[in-house]
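First comes the structure, then the notes that go with it.
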Amino acid sequence: MRSTRKLEHLRLAMKITSDQGDSGFGDISLVPWAMPEIDLAEVDASCHFLGKSLTAPILINAMTGGHLETQEVNSALARAAQEAGLAIAVGSQRAALENKSLRETYVVVRRNNPDGVVLANLNAGCTPDDALRAVEMLNADGIQLYLNPAQELAMAEGDPNFRNVLENLSRVKEVVNVPVIIKEVGFGLSGEIVACLRETGVDFVDVGGRGGTNFIAIERMRGGRRIGEEMLSWGLPTAIALAEAVHFWPGRVIASGGIRTGLDIAKALALGASLTGIARPFLAAYKNGPEAVVKLALGLIENLRAVMFLVGAQDIATLQTRPVVITGYPREWLQERGLNPGKYAQRGYVRNVL
Ligand code: FNR
């Protein structure tokens, strides 16, 4: 049953103590700026997203709702988003569309975060009417529609039929009156897919790359055996997916999948992300109570501000002009794909020198 599956996902994700795979951020370096010419107190990580302001470009990414036991989790995540000034997405609202008694497990997010950025969530094959209802349920500022072919394949009861998704997305976009974000769930959107999605008229992509939560592993823990253990390393590392996506659609890319620290966030923003999404670490924090979720959110913002200071960036726009050096596997990958990783290392070389 869908509701039980949601609870199982939540419980298994809470049990996991480490990420699997490599997000690629270890091969991304920012260049130290030993003469920042700013005071840390002046460093401002705020940004605008979907017409509202955020303290920092951070999204508590889609996870839960759909079972009564998930309501407390969503309640705590939403309070943290509100207190820290971050955006938040709910997990798939399918369960509440099918069973009204579960609406409250999602609506609590809007109630606890009345003025913030709240994103609805459904699968990319949803009908336009379902998308409208999901947005209305939360008075949402936008809707995430997820693409999860690897997860559907790994899931014992999954539905690996992704026919006509592109056409469906165009229809959904015509009907819903809020921005539409297409996201992966941990296996990455490649440049080709981002270029196709751009054509449909949707508003943002969230690359949802490899290196963090691994749904092939989670579905295998639930007994799914349709694909083998060797597929645990499937997916495009987040840093690579991000560079590909930004190449095809600059200014419209959200980075997520294995983003864990203020340093990862700074690197993703410097590579061109407009927002960064983090999911499982907020669940891990929740195990220590709602206050721990707030602490994590505030800590990420402080660590992001510290990195901004160390590259002499007073604001996010300046951070995004700072050089980024891409080495190792991501460099080789991007070179093979004809995307010139060197352009990040040399940008602003003269302009930004004091
Ligand atoms: C998720 N994720 C997810 N994504 C989505 O679009 N709809 C959903 O319903 C869910 N459900 C869900 C449940 C749980 C328990 C987890 C941990 C995650 C995926 C999530 O939004 C994100 O894309 C991945 O978790 C990768 O990010 P992290 O966890 O590596 O930061």
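All values derive from a computational prediction rather than experimental measurement.
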If you group Ile, Leu, Val, Met, Phe, Trp and Tyr whenever their side-chain heavy atoms sit less than 4.5 Å apart, what else falls in with I218?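 The other cluster members (ILVMFWY side chains, heavy atoms under 4.5 Å, direct or chained) are L12, I16, Y146, L153, V185, F187, F215, I216, M221, I227, M231, L232, W234.
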Close side-chain approach of N148 to F162, heavy-atom, < 4.5 Å: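 In contact.
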In this structure, are over 12 heavy atoms from other groups packed under 6.0 Å from [X] atom [atom1]?
X	atom1	value
R163	CZ	no
R79	CZ	no
Q335	CD	yes

Decide side chain to side chain donor-acceptor pair (under 3.5 Å) for N112 and S75; before the verdict, give the C-alpha distance in whole Å, the side-chain angles of both, and the deciding distance to 0.1 Å. CA-CA 7 Å; N112 286 358; S75 169; 3.0 Å; yes
Does a side-chain N-to-carboxylate-O contact under 4.0 Å join [X] and [Y]?
X	Y	result
R2	E157	no
E302	R305	yes
R133	D130	yes
R260	D19	yes
E219	R226	no
D141	R110	yes

Counting N and O atoms only, with roles assigned by atom type, does the side chain of [X] sit under 3.5 Å from a partner on the main chain of [Y], one being a donor and the other an acceptor?
X	Y	answer
Y286	E291	no
R252	D203	yes
R210	G235	yes
Q320	A273	yes
D39	E42	no
K6	G66	no
T200	S170	no
R322	G312	yes
K267	I28	yes
N164	E167	no

Looking at every heavy atom in both [X] and [Y], which two are closest together, and how far apart are they?
X	Y	value
V294	E83	CG1-OE1, 3.4 Å
S3	L102	OG-CD1, 4.3 Å
P237	Y329	CG-CE2, 4.3 Å

Please check if any side-chain donor atom of T64 sits under 3.5 Å from a side-chain acceptor atom of N74, or the reverse.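 There is no such pair between these side chains.
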Can you run down the salt bridge (charged side-chain N to carboxylate O under 4.0 Å, His left out) pairs that involve residues 175-198, sequence neighbours left out, and say none if there aren't any?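 Listed by first then second residue: E192-R337.
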